[in-house]
Each structure stands twice: as C-alpha cells, then as structure tokens.
There are 2 protein chains.
Amino acid sequence: MKENPTETTIRAWTRLMTAQQLALSSIEHALKAAELPSLVWYDVLLELERAGETGLRPFELERAMLLAQYNLSRLVDRIERSGYVERRACADDGRGQLIVITDRGKNMRRKMWPVYARAIEAAVGRHLSARQADTLSEMLGYLIDRLKGG
Amino acid sequence: MKENPTETTIRAWTRLMTAQQLALSSIEHALKAAELPSLVWYDVLLELERAGETGLRPFELERAMLLAQYNLSRLVDRIERSGYVERRACADDGRGQLIVITDRGKNMRRKMWPVYARAIEAAVGRHLSARQADTLSEMLGYLIDRLKGG
DNA sequence: TCAAGCTTGATGCAGTTGCATAAAAACGTA
DNA sequence: TACGTTTTTATGCAACTGCATCAAGCTTGA
C-alpha cells in the first residue's frame, strides 16, 4: 500500500493547481474585459435555467456547485440585487426558499455564453485534440468521483 | 480551424475546475485541521528554501507563483509578521528587497510537509496509478506551457 | 546630465471568502 | 404532544483579494 506521494503524484498535483489557475484567470479576465459578471454567476444562472420554473433550493445549488453554505447565501444576495434571480417562499418547507432565474437573468446568461465559450476555446480547446481532451476529462472525471465519494 | 469549444472541450474544462476545487479544498482542510498555515504559505516557504541564503526578490517570487503583485506584497507581510521570512535591503537595487526564509520558516515548512504529503496522497496518489498520474501530468504540463506562452 | 518612461513595491478602498454562531423550522421519538 | 436533535438559511467579524494609484528608484537617449 502506498503511503507517500511519489514524485509523479506530486507533479500531477502541482500541475493540476497551475493549469486550473491559469485557465480560470484567463476566463475571468475575458469576462471582466467584456464587462460581464464573473464565472460563478454564470454557473449559478446556468444551474437555475436548467432547473426551470421550479427553481432550486439554496442547499441544492450549494451541492451542485460545491460552494460553502455561507458563501452561496451571499452570492445569491448579490445576484438577486442585480435582478437576475428571485427568491420565492417555499411551500413545503417554512425555513426554505426557492431561487428562480428571471428573464433578465436568462438574457445575461445568454450574453455571457459567447464570451465564455471563446475563452474556453482559447484556454483549452485550441491546445488539445478531441482525443486529448477526452482522455483528460476521463481521468479527471475518475478522480472527481473518488474525491466526492470520500 | 476550430471556433467553438466542443462538448468534449467543455467537459474537460469543467472537470479541470471541479477536480482542482475538490483536491485543493481537501488539502486546505487537512492543513487547517492540523492548525498549520495555508498552502500558499507552504509554497512561498518552499520557493525561498530552494533559493537559499540569497533569497528572492518579490517580483521573482511573484512570477514563480503566478501571484498578483499586490497580493504577494501583503502575503509576504503576513508571513513576515509570523517570523517565517525576513525582508532584507537589496544591494543592487534601491527599490528592491530580498526575501529570505528564517530558521523558524524552515522548521514550519518541514512541519507542514508530512501533512501536505498525506493530503496529496489521499487526494490524488491513492486514486491514480503511476502511469495515470504520469499521463495526467504530461497533458497538464503541455497545457500549462501553452497557457504561459500566451 | 536630465527629463521621460519603465520597473519595483506598497497601500486605501471596496468586494469576497472563511469561520463561528444564531435563529427558525422540521424531524424523531418517547 | 413535547422535547431534544437535525436541517436550512443568515450574519457579524476577521482575513484575504482585486483594482487603482502612488512613490521611489532605475534606465535610456538626446
């Protein structure tokens, strides 16, 4: 049984950090340059648009996005203040609420997408063949499953 | 010529974000649980220990670590306040300074290493064979080179 | 040599995150 | 039902980040 990380493992770890950092910051800069909200906002809007009219409970969004509870709570505050989402009372559960995307929110997401897509293409797609991208995402998917599993 | 990211590219992108987020937060929790400083501190201390007696100029550290200037400046403040590094005047350049790790700093780095190593092993090493880790880091290395190149 | 421009580093301010904790509703169970 | 526990959400506070800007020193070139 392995006890210590090998050189190879450490290199993979380090590069995972670096690649993500570089890729993320290039996307964030692209969004900022286009005077659009940051990436998390996009992700929230996308999740909510997929969820449809019903919306999502904060705790569902929290799990879908791997965000801390206190963090999501205030993120939703900010997005709500910009008018892209609404909080509605939740019939089933008096503590809860449902977060629903507004039309403004849908428009904003659609407006962000081309910028985001171009940035992904520039950061990742341009450099990897379909085969490489596939191998990469398969390995990362495997890793993610383990990490989520515990 | 490719213009839009394919499904595969998007999946790779998303998973890169997710895997990093999960892996990083597991490491940070492990360090916090052991009442040790966060990962950036480790990275700074490691860079400085490698640099030896001479230390490094802030701008060198900044580039090595892909950190924003204003960010590094205050990070070094904090680490200095804890006594793990020293700022020394720089002979060649009146604007500049040299950041040098102290003995306390070296001790702290050594104390952090086993916790960090165990966390890397748990987050990455345990789940990937040497061959897989190697493939992963090769692909990420390739990507990083492109991203740094512009 | 000296002014214009570049590089290095710090800092005020606003926005964001993490942590601890609180409050309210739901749930389980005796 | 009533009481302790768990779940869901919010929030005060401190730490950290990003942005814009500043000040000081270096470099260049007429």
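Reminder, nothing fancy here: chain letters follow the sequence lines and each chain counts from 1.
Using a 4.0 Å cut-off between charged nitrogen and carboxylate oxygen, B:Arg88 and B:Glu86 count as a salt-bridge pair.
The phosphate of D:dA10 (OP1 or OP2) has a side-chain N or O of A:Gln97 nearer than 4.0 angstrom. For the pair B:Lys32 and C:dG18, the criterion of a side-chain N or O lying under 4.0 Å from OP1 or OP2 is not met. Here B:Asn71 reaches the OP1 or OP2 of D:dG18: one of its side-chain N or O atoms lies under 4.0 Å away. Between B:Arg63 and the phosphate of C:dT8, there is a side-chain N or O to OP1/OP2 separation shorter than 4.0 Å. Taking only side-chain nitrogens and oxygens, A:Ser73 never comes nearer than 4.0 Å to OP1 or OP2 of D:dT9. Under 4.0 angstrom from either OP1 or OP2 of D:dT7 there lies no side-chain N or O belonging to A:Arg57.
An angle of 20°, rounded to 10°, separates the two end axes of the helix from C:dT1-D:dA30 to C:dA30-D:dT1, each defined over five pairs.
Put simply, the side chain of B:Arg15 gets close to the backbone of A:Ser137: a donor and an acceptor are under 3.5 Å apart. Proximity of a side-chain donor or acceptor of A:Gln21 to a complementary backbone N or O of B:Leu66 within less than 3.5 Å is detected. Between the side chain of A:Thr102 and the backbone N or O of A:Gly83, at least one donor-acceptor pair lies under 3.5 Å.
The nearest whole Å value for the distance from the CZ atom in B:Phe59 to the P atom in D:dG25 is 17 Å. Spacing between atom CG of A:Leu66 and atom P of C:dT17 amounts to 14 Å, rounded to whole angstrom units. Atom CG of A:Leu98 is separated from atom P of D:dT8 by 13 Å (rounded to the nearest Å). Put simply, CG on A:Leu67 is 13 Å from P on C:dT16, counting in whole angstrom units. Here C:dG18 presents its P atom at 15 Å from CG of B:Leu31, a figure rounded to the nearest Å. Atom P of nucleotide D:dC16 and atom CE of B:Met65 are separated by 14 Å, given to the nearest angstrom. A:Glu35 places its CD atom 13 Å from the P atom of D:dC19, with the value rounded to the nearest Å. Distance A:Leu75 CG to D:dT17 C1': 16 Å, rounded to the nearest Å.
With C:dG9, C:dG18, C:dA26 as the choices, the nucleotide that has an atom nearest any side-chain atom of B:Gln69 turns out to be C:dG9. Which of C:dT8, D:dT9, C:dT11 sits closest to the side chain of A:Pro58 comes down to D:dT9. Of the listed nucleotides (D:dT8, D:dT9, C:dC19), C:dC19 has the atom at the smallest distance from the side chain of A:Arg74.
A donor N or O paired with an acceptor N or O is not found under 3.5 Å between the base of D:dT9 and the side-chain atoms of A:Arg95.
Between B:Tyr70 and B:Asp93, the one whose closest nucleotide on DNA chain D sits nearer the 5' end is B:Tyr70. Nearer the 5' end of DNA chain C, as judged by each residue's closest nucleotide, is the contact made by A:Arg78, out of A:Asp92 and A:Arg78. With the nearest nucleotide of DNA chain C identified for both B:Arg87 and A:Ala68, B:Arg87 has the one nearer the 5' end.
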request  = For side-chain contact (heavy atoms from CB on, under 4.5 Å), just list the numbers for A:Trp41 and A:Ser82, CA-CA rounded to whole Å, side-chain angles, deciding distance to a tenth of an Å, and then say yes or no.
outcome  = CA-CA 11 Å; A:Trp41 287 43; A:Ser82 300; 3.4 Å; yes
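Between A:Leu147 and B:Ala23, the shortest heavy-atom contact is CD1-N, 4.0 Å. Pairing each heavy atom of B:Pro37 with each of B:Met108, the nearest pair is CD-SD, 3.7 Å. Summarising the geometry of A:Pro58 relative to A:Ile99, their closest heavy-atom pair is CG-CD1, 3.7 Å, with the distance given to 0.1 Å.
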